[in-house]
Amino acid sequence: MEEKTGNIAREGRPAYNTAPIRCGKLKCKWRGYEGELVGVASKRHGPGVTDKVCPICGTHGYYHMTPREITAWERNKLAAGLAETAAVAP
């Protein structure tokens with residue numbers, strides 16, 4: 001019998017808030033981590049329960065990014081950060 005490790009919630013899934021995710025809606029370009037999802041009142045489970053949704057479009061679904069998507073996402077974040085610092089510097 002296999003031992004269950006504390007850092008893996010489900011089979012094949014990384015631990016919470018450790019792997020980059022993307023919004024499940026194709027037109028939405030949001031990328032981030034599970035901890036950045038917004039909690040809204042659940043319509044299914046009643047009062048006091050929240051669902052995690054995309055902070056931009058409100059979609060409930062999301063996907064874990066592939067290694068290529070992660071590389072592109074990090075490259076774009078770096079380029080955006082460099083563009084911001086260049087705009088601020090005199």
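Quick caveat, the model's predicted, so the values are computed rather than measured. Worth knowing before you read on, the calculation uses all heavy atoms, side chains too, and leaves out hydrogens, waters and symmetry mates.
Between Trp30 and Pro55, the closest side-chain pair of non-hydrogen atoms falls below 4.5 Å.
With sequence neighbours left out, Arg31 forms a side chain to side chain donor-acceptor pair (under 3.5 Å) with no residue at all. Among residues two or more places apart in sequence or in another chain, the salt bridge (charged side-chain N to carboxylate O under 4.0 Å, His left out) test is passed with Glu34 by none. Not a single side chain to side chain donor-acceptor pair (under 3.5 Å) links Asn76 to another residue, sequence neighbours left out. Remark: Thr50 engages no residue in a side chain to side chain donor-acceptor pair (under 3.5 Å) (not counting sequence neighbours). Take Lys29 and apply the side chain to side chain contact (heavy atoms under 4.5 Å, CB included) test, not counting sequence neighbours, and it matches no residue. Ala19 meets the side chain to side chain contact (heavy atoms under 4.5 Å, CB included) test with Pro14, His64; sequence neighbours excluded. Qualifying side chain to side chain donor-acceptor pair (under 3.5 Å) partners for Glu36, counting only residues two or more places apart in sequence or in other chains: none.
Hydrophobic cluster membership for Tyr63: none, as no Ile, Leu, Val, Met, Phe, Trp or Tyr side chain comes under 4.5 Å of it. Grouped with Tyr33 in one hydrophobic cluster are Met65, Ile70, Trp73, the linkage being side-chain heavy-atom contacts under 4.5 Å among Ile, Leu, Val, Met, Phe, Trp and Tyr residues.
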Between side-chain atoms of residues 37-48 and protein atoms elsewhere (two or more places apart, or another chain), which donor-acceptor pairs fall under 3.5 Å?
{"unit_1": "Ser42", "atom_1": "OG", "unit_2": "Arg44", "atom_2": "N", "d": "3.3"}
{"unit_1": "Ser42", "atom_1": "OG", "unit_2": "His45", "atom_2": "N", "d": "3.0"}
{"unit_1": "Ser42", "atom_1": "OG", "unit_2": "Asp51", "atom_2": "OD2", "d": "3.3"}

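Sequence neighbours left out, the pairs with a member in residues 57-78 that pass salt bridge (charged side-chain N to carboxylate O under 4.0 Å, His left out) are Arg22-Glu69.
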